[in-house]
> 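Could you have a look at this structure, given as C-alpha coordinates, before my questions?
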Amino acid sequence: MFTSEKGVVEEWLSEFKTLPETSLQSYATNLKDKSSLVSSLYKVIQEPQSELLEPVCHQLFEFYRSGEEQLLRFTLQFLPELIWCYLAVSASRNVHSSGCIEALLLGVYNLEIVDKQGHSKVLSFTIPSLSKPSVYHEPSSIGSMALTESALSQHGLSKVVYSGPHPQREMLTAQNRFEVLTFLLLCYNATLTYMPSVSLQSLCQICSRICVCGYPRQHVRKYKGVSSRIPVSSGFMVQMLTGIYFAFYNGEWDLAQKALDDIIYRAQLELYPEPLLVANAIKASLPHGAMKSSKEGTRCIQVEITPTSSRISRNAVTSMSIRGHRWKRHEQPDNTNDTTELGILIIPEISVTNVAGERTGNGEKGRTLGEIDAQHLQGVQETATDPRTESKGLPEIRRQKSVRKMMEDGINSPGRVQF
(Lines give C-alpha, C1' and ligand atoms only; values in the text may rest on other atoms or scores of the structure.)
Protein backbone atom coordinates (compact mmCIF):
# COMPACT_ATOMS: atom_id res chain seq x y z
CA MET A 1 0.00 0.00 0.00
CA PHE A 2 1.41 3.37 -1.02
CA THR A 3 1.92 6.25 1.37
CA SER A 4 -0.53 8.45 -0.51
CA GLU A 5 -3.30 5.83 -0.24
CA LYS A 6 -2.56 5.36 3.43
CA GLY A 7 -2.86 9.13 3.94
CA VAL A 8 -6.25 9.20 2.22
CA VAL A 9 -7.57 6.51 4.58
CA GLU A 10 -6.19 8.20 7.68
CA GLU A 11 -7.75 11.51 6.66
CA TRP A 12 -11.08 9.76 6.17
CA LEU A 13 -10.86 8.19 9.62
CA SER A 14 -10.15 11.49 11.35
CA GLU A 15 -12.68 13.48 9.34
CA PHE A 16 -15.67 11.45 10.44
CA LYS A 17 -14.72 11.65 14.12
CA THR A 18 -14.89 15.45 14.09
CA LEU A 19 -17.98 15.66 11.90
CA PRO A 20 -20.97 17.45 13.51
CA GLU A 21 -24.37 15.77 13.46
CA THR A 22 -25.98 18.47 11.29
CA SER A 23 -23.60 17.95 8.36
CA LEU A 24 -23.92 14.17 8.29
CA GLN A 25 -26.30 14.09 5.33
CA SER A 26 -24.19 16.34 3.11
CA TYR A 27 -21.09 14.34 4.04
CA ALA A 28 -22.80 11.09 3.03
CA THR A 29 -23.88 12.59 -0.31
CA ASN A 30 -20.33 13.61 -1.25
CA LEU A 31 -18.74 10.42 0.00
CA LYS A 32 -19.76 8.22 -2.94
CA ASP A 33 -17.91 10.47 -5.39
CA LYS A 34 -14.51 9.91 -3.75
CA SER A 35 -13.19 7.15 -5.98
CA SER A 36 -9.63 7.40 -4.60
CA LEU A 37 -10.94 6.72 -1.09
CA VAL A 38 -12.93 3.67 -2.24
CA SER A 39 -9.94 2.12 -4.03
CA SER A 40 -7.73 2.74 -0.97
CA LEU A 41 -10.26 1.06 1.32
CA TYR A 42 -10.32 -1.99 -0.95
CA LYS A 43 -6.56 -2.32 -0.61
CA VAL A 44 -6.79 -2.07 3.18
CA ILE A 45 -9.39 -4.86 3.30
CA GLN A 46 -7.31 -7.07 1.00
CA GLU A 47 -4.35 -6.90 3.43
CA PRO A 48 -5.31 -8.83 6.59
CA GLN A 49 -2.09 -7.75 8.32
CA SER A 50 -2.66 -4.03 7.72
CA GLU A 51 -2.71 -1.83 10.82
CA LEU A 52 -5.54 0.21 9.32
CA LEU A 53 -7.87 -2.77 8.91
CA GLU A 54 -9.32 -2.64 12.44
CA PRO A 55 -10.13 1.13 12.49
CA VAL A 56 -11.55 0.88 8.97
CA CYS A 57 -13.90 -1.98 9.98
CA HIS A 58 -14.94 -0.05 13.08
CA GLN A 59 -15.79 3.07 11.07
CA LEU A 60 -17.69 1.09 8.45
CA PHE A 61 -19.82 -0.35 11.25
CA GLU A 62 -20.42 3.18 12.59
CA PHE A 63 -21.61 4.15 9.12
CA TYR A 64 -24.02 1.24 9.05
CA ARG A 65 -25.68 1.91 12.38
CA SER A 66 -25.83 5.69 11.88
CA GLY A 67 -29.26 5.36 10.24
CA GLU A 68 -28.22 7.38 7.17
CA GLU A 69 -29.25 5.47 4.03
CA GLN A 70 -26.30 6.53 1.90
CA LEU A 71 -23.77 5.66 4.60
CA LEU A 72 -25.39 2.24 4.91
CA ARG A 73 -24.98 1.65 1.16
CA PHE A 74 -21.38 2.85 1.35
CA THR A 75 -20.63 0.06 3.82
CA LEU A 76 -22.55 -2.56 1.84
CA GLN A 77 -20.47 -1.99 -1.30
CA PHE A 78 -17.49 -3.61 0.45
CA LEU A 79 -19.49 -6.65 1.60
CA PRO A 80 -18.35 -9.08 -1.18
CA GLU A 81 -14.70 -8.27 -0.51
CA LEU A 82 -15.19 -8.63 3.25
CA ILE A 83 -16.83 -12.03 2.78
CA TRP A 84 -13.98 -13.23 0.57
CA CYS A 85 -11.32 -12.06 3.03
CA TYR A 86 -13.09 -13.80 5.91
CA LEU A 87 -13.50 -17.09 3.99
CA ALA A 88 -9.90 -16.98 2.75
CA VAL A 89 -8.55 -16.44 6.26
CA SER A 90 -10.84 -19.15 7.66
CA ALA A 91 -9.63 -21.62 5.02
CA SER A 92 -6.02 -20.93 6.03
CA ARG A 93 -7.02 -21.50 9.69
CA ASN A 94 -5.59 -18.13 10.71
CA VAL A 95 -8.72 -17.01 12.54
CA HIS A 96 -7.01 -14.40 14.73
CA SER A 97 -6.19 -12.12 11.77
CA SER A 98 -9.87 -11.90 10.75
CA GLY A 99 -11.34 -10.87 14.10
CA CYS A 100 -12.26 -7.33 13.04
CA ILE A 101 -13.82 -8.52 9.77
CA GLU A 102 -15.84 -11.14 11.63
CA ALA A 103 -17.04 -8.50 14.11
CA LEU A 104 -18.13 -6.22 11.27
CA LEU A 105 -20.06 -9.02 9.53
CA LEU A 106 -21.74 -10.05 12.77
CA GLY A 107 -22.64 -6.44 13.57
CA VAL A 108 -24.30 -5.92 10.18
CA TYR A 109 -26.16 -9.23 10.51
CA ASN A 110 -27.49 -8.47 13.99
CA LEU A 111 -28.68 -5.03 12.86
CA GLU A 112 -30.50 -6.41 9.82
CA ILE A 113 -32.46 -9.16 11.55
CA VAL A 114 -34.35 -6.70 13.80
CA ASP A 115 -36.46 -3.64 13.05
CA LYS A 116 -36.15 -0.18 14.60
CA GLN A 117 -38.10 -1.29 17.68
CA GLY A 118 -35.78 -4.25 18.24
CA HIS A 119 -38.25 -6.93 17.18
CA SER A 120 -37.18 -9.80 14.93
CA LYS A 121 -37.92 -9.34 11.24
CA VAL A 122 -39.86 -11.87 9.19
CA LEU A 123 -39.21 -11.48 5.47
CA SER A 124 -41.88 -12.65 3.04
CA PHE A 125 -41.56 -13.50 -0.64
CA THR A 126 -44.51 -14.06 -2.97
CA ILE A 127 -44.00 -16.78 -5.58
CA PRO A 128 -45.68 -15.70 -8.84
CA SER A 129 -48.25 -17.98 -10.45
CA LEU A 130 -47.81 -18.99 -14.08
CA SER A 131 -51.57 -18.63 -14.62
CA LYS A 132 -51.30 -14.85 -14.16
CA PRO A 133 -49.30 -12.54 -16.45
CA SER A 134 -46.18 -10.76 -15.22
CA VAL A 135 -43.31 -8.74 -16.71
CA TYR A 136 -41.54 -12.03 -17.41
CA HIS A 137 -44.23 -14.11 -19.12
CA GLU A 138 -47.69 -14.31 -20.63
CA PRO A 139 -49.91 -17.32 -19.84
CA SER A 140 -50.91 -17.59 -23.52
CA SER A 141 -47.29 -18.11 -24.58
CA ILE A 142 -46.87 -21.14 -22.35
CA GLY A 143 -49.69 -23.12 -23.95
CA SER A 144 -53.02 -24.46 -22.90
CA MET A 145 -53.29 -25.57 -19.29
CA ALA A 146 -55.55 -28.44 -18.41
CA LEU A 147 -58.38 -27.21 -16.19
CA THR A 148 -58.57 -30.02 -13.72
CA GLU A 149 -60.41 -29.90 -10.43
CA SER A 150 -57.13 -29.50 -8.56
CA ALA A 151 -56.00 -26.66 -10.84
CA LEU A 152 -59.30 -24.81 -10.46
CA SER A 153 -59.19 -25.10 -6.68
CA GLN A 154 -55.72 -23.52 -6.59
CA HIS A 155 -56.39 -20.88 -9.26
CA GLY A 156 -55.70 -17.38 -8.01
CA LEU A 157 -53.96 -18.52 -4.83
CA SER A 158 -50.49 -17.02 -4.35
CA LYS A 159 -47.83 -18.87 -2.38
CA VAL A 160 -45.85 -16.86 0.15
CA VAL A 161 -42.49 -18.02 1.49
CA TYR A 162 -41.32 -16.64 4.83
CA SER A 163 -37.74 -16.19 6.00
CA GLY A 164 -37.13 -15.66 9.68
CA PRO A 165 -37.08 -14.86 12.44
CA HIS A 166 -33.30 -15.22 12.46
CA PRO A 167 -31.49 -15.72 15.76
CA GLN A 168 -28.83 -13.32 16.90
CA ARG A 169 -25.24 -14.55 16.71
CA GLU A 170 -22.35 -13.67 18.97
CA MET A 171 -19.69 -15.43 16.92
CA LEU A 172 -19.29 -17.23 13.60
CA THR A 173 -18.81 -20.98 13.74
CA ALA A 174 -18.65 -23.73 11.13
CA GLN A 175 -22.35 -24.48 11.79
CA ASN A 176 -23.78 -20.97 11.39
CA ARG A 177 -21.19 -19.42 9.08
CA PHE A 178 -23.06 -19.74 5.81
CA GLU A 179 -26.40 -19.03 7.41
CA VAL A 180 -25.07 -15.58 8.35
CA LEU A 181 -23.20 -15.00 5.06
CA THR A 182 -26.22 -16.03 2.98
CA PHE A 183 -28.41 -13.52 4.80
CA LEU A 184 -25.77 -10.81 4.32
CA LEU A 185 -25.66 -11.48 0.58
CA LEU A 186 -29.46 -11.25 0.57
CA CYS A 187 -29.19 -7.74 2.08
CA TYR A 188 -26.55 -6.84 -0.51
CA ASN A 189 -28.72 -8.03 -3.40
CA ALA A 190 -31.59 -5.89 -2.11
CA THR A 191 -29.49 -2.77 -2.85
CA LEU A 192 -27.90 -3.89 -6.13
CA THR A 193 -29.24 -0.92 -8.09
CA TYR A 194 -27.25 1.46 -5.86
CA MET A 195 -23.96 -0.44 -6.04
CA PRO A 196 -21.11 1.11 -8.09
CA SER A 197 -19.37 -0.81 -10.83
CA VAL A 198 -16.32 -1.52 -8.69
CA SER A 199 -18.54 -3.38 -6.22
CA LEU A 200 -20.10 -5.48 -9.00
CA GLN A 201 -16.63 -6.32 -10.28
CA SER A 202 -15.60 -7.39 -6.79
CA LEU A 203 -18.69 -9.60 -6.51
CA CYS A 204 -17.95 -11.44 -9.76
CA GLN A 205 -14.30 -11.93 -8.88
CA ILE A 206 -14.90 -13.29 -5.39
CA CYS A 207 -17.59 -15.67 -6.71
CA SER A 208 -15.06 -17.15 -9.14
CA ARG A 209 -12.39 -17.43 -6.48
CA ILE A 210 -14.66 -19.08 -3.92
CA CYS A 211 -15.88 -21.68 -6.42
CA VAL A 212 -12.55 -22.77 -7.96
CA CYS A 213 -10.02 -22.48 -5.12
CA GLY A 214 -8.52 -25.90 -4.40
CA TYR A 215 -9.82 -27.41 -7.66
CA PRO A 216 -8.02 -28.00 -11.00
CA ARG A 217 -9.72 -24.97 -12.55
CA GLN A 218 -7.77 -22.69 -10.18
CA HIS A 219 -4.67 -23.24 -12.33
CA VAL A 220 -6.65 -22.33 -15.44
CA ARG A 221 -7.86 -19.08 -13.85
CA LYS A 222 -4.34 -18.44 -12.45
CA TYR A 223 -5.60 -17.51 -8.99
CA LYS A 224 -2.86 -17.30 -6.39
CA GLY A 225 -2.90 -17.00 -2.64
CA VAL A 226 -5.47 -19.47 -1.32
CA SER A 227 -4.96 -23.03 -2.52
CA SER A 228 -7.29 -24.87 -0.13
CA ARG A 229 -10.93 -25.58 -0.87
CA ILE A 230 -13.55 -23.21 0.53
CA PRO A 231 -16.82 -24.92 1.53
CA VAL A 232 -20.03 -23.32 0.28
CA SER A 233 -23.72 -23.96 0.78
CA SER A 234 -26.45 -24.26 -1.81
CA GLY A 235 -28.32 -21.15 -0.61
CA PHE A 236 -25.13 -19.10 -0.61
CA MET A 237 -24.48 -19.97 -4.26
CA VAL A 238 -28.03 -19.02 -5.22
CA GLN A 239 -27.52 -15.57 -3.66
CA MET A 240 -24.27 -15.22 -5.59
CA LEU A 241 -26.13 -15.97 -8.81
CA THR A 242 -28.64 -13.21 -8.07
CA GLY A 243 -25.91 -10.57 -8.02
CA ILE A 244 -24.17 -12.04 -11.06
CA TYR A 245 -27.41 -11.96 -13.06
CA PHE A 246 -27.67 -8.24 -12.35
CA ALA A 247 -24.01 -7.69 -13.30
CA PHE A 248 -24.63 -9.24 -16.75
CA TYR A 249 -26.91 -6.37 -17.78
CA ASN A 250 -25.02 -3.55 -16.07
CA GLY A 251 -21.69 -3.37 -17.83
CA GLU A 252 -19.85 -6.40 -16.38
CA TRP A 253 -20.54 -9.01 -19.05
CA ASP A 254 -17.09 -10.64 -19.19
CA LEU A 255 -16.58 -10.98 -15.44
CA ALA A 256 -20.16 -12.18 -14.93
CA GLN A 257 -19.79 -14.78 -17.69
CA LYS A 258 -16.64 -16.16 -16.07
CA ALA A 259 -18.27 -16.22 -12.63
CA LEU A 260 -21.35 -18.01 -13.98
CA ASP A 261 -19.22 -20.74 -15.56
CA ASP A 262 -17.29 -21.21 -12.32
CA ILE A 263 -20.48 -21.49 -10.27
CA ILE A 264 -21.84 -24.14 -12.65
CA TYR A 265 -18.50 -25.95 -12.38
CA ARG A 266 -18.64 -25.98 -8.58
CA ALA A 267 -22.34 -26.84 -8.42
CA GLN A 268 -21.75 -29.88 -10.63
CA LEU A 269 -18.95 -31.05 -8.36
CA GLU A 270 -21.06 -30.54 -5.22
CA LEU A 271 -24.24 -31.92 -6.86
CA TYR A 272 -26.32 -28.94 -5.72
CA PRO A 273 -29.64 -28.92 -7.65
CA GLU A 274 -30.76 -25.38 -6.76
CA PRO A 275 -27.67 -23.52 -8.05
CA LEU A 276 -27.60 -25.73 -11.15
CA LEU A 277 -31.23 -24.94 -11.91
CA VAL A 278 -30.81 -21.19 -11.45
CA ALA A 279 -27.45 -21.01 -13.25
CA ASN A 280 -28.64 -22.97 -16.28
CA ALA A 281 -31.80 -20.87 -16.46
CA ILE A 282 -29.69 -17.68 -16.47
CA LYS A 283 -27.37 -19.12 -19.09
CA ALA A 284 -30.27 -20.12 -21.35
CA SER A 285 -31.86 -16.66 -21.14
CA LEU A 286 -28.72 -14.71 -22.02
CA PRO A 287 -28.46 -13.11 -25.47
CA HIS A 288 -25.86 -14.41 -27.90
CA GLY A 289 -23.85 -11.21 -27.93
CA ALA A 290 -22.39 -9.19 -25.08
CA MET A 291 -24.60 -6.52 -23.55
CA LYS A 292 -22.97 -3.10 -23.84
CA SER A 293 -25.13 -1.22 -21.37
CA SER A 294 -24.09 2.12 -19.97
CA LYS A 295 -22.61 2.09 -16.49
CA GLU A 296 -23.96 5.57 -15.79
CA GLY A 297 -27.46 5.09 -17.16
CA THR A 298 -30.53 3.32 -15.85
CA ARG A 299 -29.79 -0.13 -14.47
CA CYS A 300 -32.29 -2.84 -15.17
CA ILE A 301 -32.65 -6.42 -16.31
CA GLN A 302 -33.98 -6.56 -19.84
CA VAL A 303 -36.83 -8.95 -20.54
CA GLU A 304 -38.95 -9.62 -23.59
CA ILE A 305 -42.64 -9.04 -22.96
CA THR A 306 -45.14 -10.89 -25.10
CA PRO A 307 -47.81 -8.54 -26.57
CA THR A 308 -51.20 -8.96 -24.96
CA SER A 309 -53.14 -8.55 -28.23
CA SER A 310 -53.59 -11.73 -30.22
CA ARG A 311 -51.85 -11.77 -33.56
CA ILE A 312 -53.17 -13.68 -36.60
CA SER A 313 -50.86 -14.59 -39.42
CA ARG A 314 -51.55 -12.82 -42.69
CA ASN A 315 -51.36 -16.11 -44.51
CA ALA A 316 -53.94 -17.80 -42.28
CA VAL A 317 -56.81 -19.36 -44.21
CA THR A 318 -60.15 -18.11 -42.93
CA SER A 319 -63.68 -18.07 -44.29
CA MET A 320 -63.34 -14.39 -45.13
CA SER A 321 -60.14 -14.92 -47.08
CA ILE A 322 -61.70 -17.78 -49.07
CA ARG A 323 -64.79 -15.65 -49.82
CA GLY A 324 -62.68 -12.71 -50.95
CA HIS A 325 -60.57 -14.98 -53.12
CA ARG A 326 -63.70 -16.26 -54.90
CA TRP A 327 -65.05 -12.81 -55.69
CA LYS A 328 -61.64 -11.59 -56.86
CA ARG A 329 -61.28 -14.55 -59.19
CA HIS A 330 -64.70 -14.16 -60.83
CA GLU A 331 -64.54 -10.38 -61.18
CA GLN A 332 -61.69 -10.72 -63.71
CA PRO A 333 -62.79 -10.22 -67.36
CA ASP A 334 -63.55 -13.46 -69.16
CA ASN A 335 -64.05 -13.46 -72.96
CA THR A 336 -65.30 -17.01 -73.20
CA ASN A 337 -67.58 -19.34 -71.33
CA ASP A 338 -65.29 -22.30 -71.91
CA THR A 339 -63.56 -24.11 -69.12
CA THR A 340 -60.57 -22.36 -67.56
CA GLU A 341 -59.19 -25.60 -66.26
CA LEU A 342 -59.58 -29.15 -67.39
CA GLY A 343 -62.85 -30.63 -66.18
CA ILE A 344 -64.05 -27.41 -64.47
CA LEU A 345 -66.91 -25.31 -65.83
CA ILE A 346 -68.03 -21.94 -64.59
CA ILE A 347 -71.73 -21.07 -64.80
CA PRO A 348 -72.19 -17.81 -66.71
CA GLU A 349 -74.12 -15.02 -65.11
CA ILE A 350 -77.83 -15.34 -66.03
CA SER A 351 -80.00 -12.35 -65.37
CA VAL A 352 -83.70 -13.13 -65.55
CA THR A 353 -84.74 -9.50 -65.02
CA ASN A 354 -82.01 -8.16 -67.37
CA VAL A 355 -80.48 -6.17 -64.45
CA ALA A 356 -76.70 -6.18 -64.47
CA GLY A 357 -74.76 -6.94 -61.30
CA GLU A 358 -77.45 -9.07 -59.69
CA ARG A 359 -76.13 -12.20 -57.98
CA THR A 360 -78.08 -15.13 -56.68
CA GLY A 361 -75.84 -16.00 -53.80
CA ASN A 362 -72.37 -16.27 -52.49
CA GLY A 363 -70.33 -18.67 -54.63
CA GLU A 364 -73.25 -19.49 -56.97
CA LYS A 365 -71.38 -18.78 -60.19
CA GLY A 366 -68.18 -20.47 -59.06
CA ARG A 367 -69.59 -23.95 -58.60
CA THR A 368 -67.73 -26.93 -60.00
CA LEU A 369 -70.01 -29.12 -62.08
CA GLY A 370 -69.85 -32.78 -62.84
CA GLU A 371 -70.28 -34.35 -66.23
CA ILE A 372 -74.09 -34.51 -66.01
CA ASP A 373 -74.38 -30.84 -64.97
CA ALA A 374 -72.12 -29.84 -67.83
CA GLN A 375 -74.44 -31.54 -70.31
CA HIS A 376 -77.46 -29.74 -68.88
CA LEU A 377 -75.59 -26.44 -68.96
CA GLN A 378 -74.65 -26.98 -72.59
CA GLY A 379 -78.32 -27.56 -73.40
CA VAL A 380 -79.25 -24.35 -71.59
CA GLN A 381 -76.72 -22.33 -73.59
CA GLU A 382 -77.89 -23.79 -76.92
CA THR A 383 -81.52 -23.06 -76.10
CA ALA A 384 -80.76 -19.48 -75.11
CA THR A 385 -78.73 -18.72 -78.26
CA ASP A 386 -81.33 -20.15 -80.68
CA PRO A 387 -83.39 -17.20 -82.05
CA ARG A 388 -86.32 -19.42 -82.87
CA THR A 389 -86.74 -20.48 -79.29
CA GLU A 390 -85.86 -17.16 -77.74
CA SER A 391 -89.33 -16.66 -76.40
CA LYS A 392 -89.38 -20.13 -74.90
CA GLY A 393 -85.89 -19.95 -73.38
CA LEU A 394 -86.89 -18.77 -69.91
CA PRO A 395 -89.15 -21.76 -69.02
CA GLU A 396 -86.53 -24.16 -70.37
CA ILE A 397 -83.81 -22.60 -68.23
CA ARG A 398 -85.95 -22.87 -65.11
CA ARG A 399 -86.83 -26.47 -65.91
CA GLN A 400 -83.20 -27.45 -66.43
CA LYS A 401 -82.14 -25.72 -63.21
CA SER A 402 -84.82 -27.51 -61.22
CA VAL A 403 -83.73 -30.88 -62.67
CA ARG A 404 -80.12 -30.17 -61.79
CA LYS A 405 -81.14 -29.12 -58.26
CA MET A 406 -82.99 -32.37 -57.70
CA MET A 407 -80.04 -34.37 -58.95
CA GLU A 408 -77.71 -32.55 -56.59
CA ASP A 409 -80.03 -33.21 -53.68
CA GLY A 410 -80.28 -36.89 -54.60
CA ILE A 411 -84.05 -36.76 -55.21
CA ASN A 412 -85.40 -38.72 -58.17
CA SER A 413 -87.73 -37.03 -60.60
CA PRO A 414 -91.44 -37.82 -60.31
CA GLY A 415 -91.49 -39.47 -63.74
CA ARG A 416 -89.00 -42.12 -62.82
CA VAL A 417 -89.85 -45.47 -61.33
CA GLN A 418 -87.57 -47.10 -58.81
CA PHE A 419 -86.99 -50.85 -59.01
> Given 3.5 Å as the limit, does a donor-acceptor pair link the side chain of Thr191 with the main chain of Tyr194, or not?
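Checking the backbone N and O of Tyr194 against the side chain of Thr191, no donor-acceptor pair under 3.5 Å is found.
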> Does the side chain of Ser202 pick up a donor-acceptor pair with the side chain of Glu81 at under 3.5 Å?
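Looking only at side-chain atoms, Glu81 and Ser202 do form a donor-acceptor pair, the distance falling under 3.5 Å.
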> A side-chain contact here means heavy atoms from C-beta on lying under 4.5 Å apart; do Leu37 and Leu41 qualify?
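Yes, close enough: below the 4.5 Å cut-off.
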> To the nearest 0.5 Å, what is the distance between CG (Leu260) and SG (Cys204)?
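Going from CG on Leu260 over to SG on Cys204, the span is 10.0 Å.
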> Below 4.0 angstrom, N of the basic side chain to O of the carboxylate: do Glu47 and Lys6 qualify?
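No.
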> Against Phe16, only a single residue in Phe61, Phe63, Phe74 fulfils ring-ring contact (aromatic ring centres under 6.0 Å, His included); can you say which?
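So, applying the ring-ring contact (aromatic ring centres under 6.0 Å, His included) to Phe16 and each of Phe61, Phe63, Phe74, only Phe63 qualifies.
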> Using atom types as modelled and distance alone, determine if a side-chain donor or acceptor of Arg217 lies under 3.5 Å from a backbone N or O of Val212.
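It does not hold such a pair.
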> Looking only at non-hydrogen atoms, find the nearest pair between Ser199 and Tyr42 and report the distance.
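Between these two residues, the closest heavy atoms are CA-OH, 3.6 Å.
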> How many angstroms lie between atom CZ of Arg73 and atom OH of Tyr188, to the nearest 0.5 angstrom?
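Between atom CZ of Arg73 and atom OH of Tyr188 there are 13.0 Å.
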> Counting only heavy atoms not in Lys283 (residues, nucleotides, ligands), do more than 12 fall under 6.0 Å from its NZ?
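It does not: Lys283 NZ has 12 such atoms or fewer within range.
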> Assess the residue pair Ile101 and Cys57 against the criterion (side chain to side chain contact (heavy atoms under 4.5 Å, CB included)); give the C-alpha distance rounded to whole Å, side-chain angles, the decisive distance to 0.1 Å, and a yes or no.
CA-CA 7 Å; Ile101 297 179; Cys57 291; 4.2 Å; yes
> Where does the angle between the aromatic ring planes of His166 and Phe183 fall among parallel (under 30°), tilted (30 to 60°) and perpendicular (over 60°)?
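Ring orientation, 0 to 90° scale: tilted.
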> For Glu11, does the CD atom have more than 12 heavy-atom neighbours from other residues, nucleotides or ligands under 6.0 Å away?
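Not more than 12 within 6.0 Å, no.
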> Between Ser39 (side chain only) and Ser36 (backbone N and O only), is there a donor and an acceptor less than 3.5 Å apart?
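Yes, the answer is positive, given that a donor and an acceptor are paired below the 3.5 Å cut-off.
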> Using modelled atom types only, decide if a donor and an acceptor are shared between the side chain of Asn176 and the backbone of Leu172 within a distance under 3.5 Å.
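Not confirmed, Asn176 side chain does not pair with Leu172 backbone.
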> Measuring only between side-chain heavy atoms, which start at C-beta, is Leu192 closer than 4.5 Å to Asn189?
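In contact.
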> Considering only heavy atoms from C-beta outward, does the side chain of Lys34 approach that of Trp12 to under 4.5 Å?
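No, too far: nothing below the 4.5 Å cut-off.
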> Rounded to the nearest 0.5 Å, how far apart are CD of Gln46 and CG of Leu53?
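Gln46 atom CD to Leu53 atom CG measures 11.0 Å (nearest 0.5 Å).
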> Please tell me if the side chains of Glu274 and Met237 come closer than 4.5 Å, counting only heavy atoms from C-beta onward.
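Sidechains of Met237 and Glu274: no contact.
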> Quick one: are Val38 and Gln77 in side-chain contact, heavy atoms under 4.5 Å?
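Yes - at least one pair of side-chain heavy atoms lies under 4.5 Å apart.
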> Quick check: do Phe248 and Ile244 have side-chain heavy atoms less than 4.5 Å from each other?
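Contact flag for Phe248/Ile244 side chains = yes.
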> Apply side chain to side chain contact (heavy atoms under 4.5 Å, CB included) to Tyr272 and Leu277, showing your working.
CA-CA 9 Å; Tyr272 285 153; Leu277 178 63; over 6 Å; no
> Can you tell me how far the CD1 atom of Ile264 sits from the CG atom of Leu269, to the nearest 0.5 Å?
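Reported to 0.5 Å precision, the distance equals 12.0 Å.
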> Side-chain contact, heavy-atom cut-off 4.5 Å: Leu105 with Val180?
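A side-chain contact under 4.5 Å is absent here.
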> If we ignore hydrogens and angles and just use 3.5 Å, is the side chain of Arg266 paired with the main-chain N or O of Tyr215 as donor and acceptor?
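No; zero donor-acceptor contacts below 3.5 Å.
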> Could you tell me the separation between the CG atom of Leu87 and the CG atom of Leu82, rounded to the nearest 0.5 Å?
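The CG atom of Leu87 sits 11.0 Å away from the CG atom of Leu82.
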> With no hydrogens and no angle check, is any side-chain donor or acceptor of Gln218 less than 3.5 Å from a backbone partner on Val226?
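Yes: the side chain of Gln218 pairs with the backbone of Val226.
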> Of the non-hydrogen atoms in Phe178 and Ser233, which two are nearest, and what is the gap between them?
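Scanning both residues, the minimum pair turns out to be CB-OG, 3.7 Å.
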> Of the non-hydrogen atoms in Cys211 and Ile263, which two are nearest, and what is the gap between them?
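Shortest heavy-atom contact: SG-CG1, 3.7 Å.
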> Is there a donor-acceptor pair closer than 3.5 Å between any side-chain N or O of Glu112 and the backbone N or O of Val108?
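Not at all, since once roles are kept as given, no pair shorter than 3.5 Å links the two residues.
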> Count the heavy atoms of every other residue, nucleotide or ligand shown that sit under 6.0 Å from CD of Gln25, and state whether that count exceeds 12.
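Result for CD/Gln25: open.
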> Quick one: closest heavy-atom pair of Trp253 and Pro287, and the distance?
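Heavy atoms only, the tightest pair is CH2-O, 3.7 Å.
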> Apply side chain to side chain contact (heavy atoms under 4.5 Å, CB included) to the pair Ser197 and Glu252, showing each step before the final yes or no.
CA-CA 8 Å; Ser197 59; Glu252 308 299 336; 3.7 Å; yes
> Roughly how far, to the nearest 0.5 Å, is the CD atom of Gln59 from the CG atom of Leu104?
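These two atoms lie 12.0 Å from each other.
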> Of the non-hydrogen atoms in Pro55 and Leu13, which two are nearest, and what is the gap between them?
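In this case the closest contact between Pro55 and Leu13 is O-CD2, 3.8 Å.
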> What is the minimum heavy-atom distance between Ile206 and Leu203, and which atoms define it?
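Shortest heavy-atom contact: CG1-O, 3.3 Å.
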> Looking at side-chain heavy atoms only, is the closest gap between Val114 and Gln168 below 4.5 Å?
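They are in contact (side-chain heavy atoms under 4.5 Å apart), so the answer is yes.
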> Are Tyr223 and Trp84, when compared by the centres of their aromatic rings, separated by less than 6.0 Å?
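Judged by ring-centre distance (under 6.0 Å), Tyr223 and Trp84 do not meet the cut-off.
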> Has Glu54 got more than 12 heavy atoms of other residues, nucleotides or ligands less than 6.0 Å from its CD?
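Incorrect, the count does not exceed 12.
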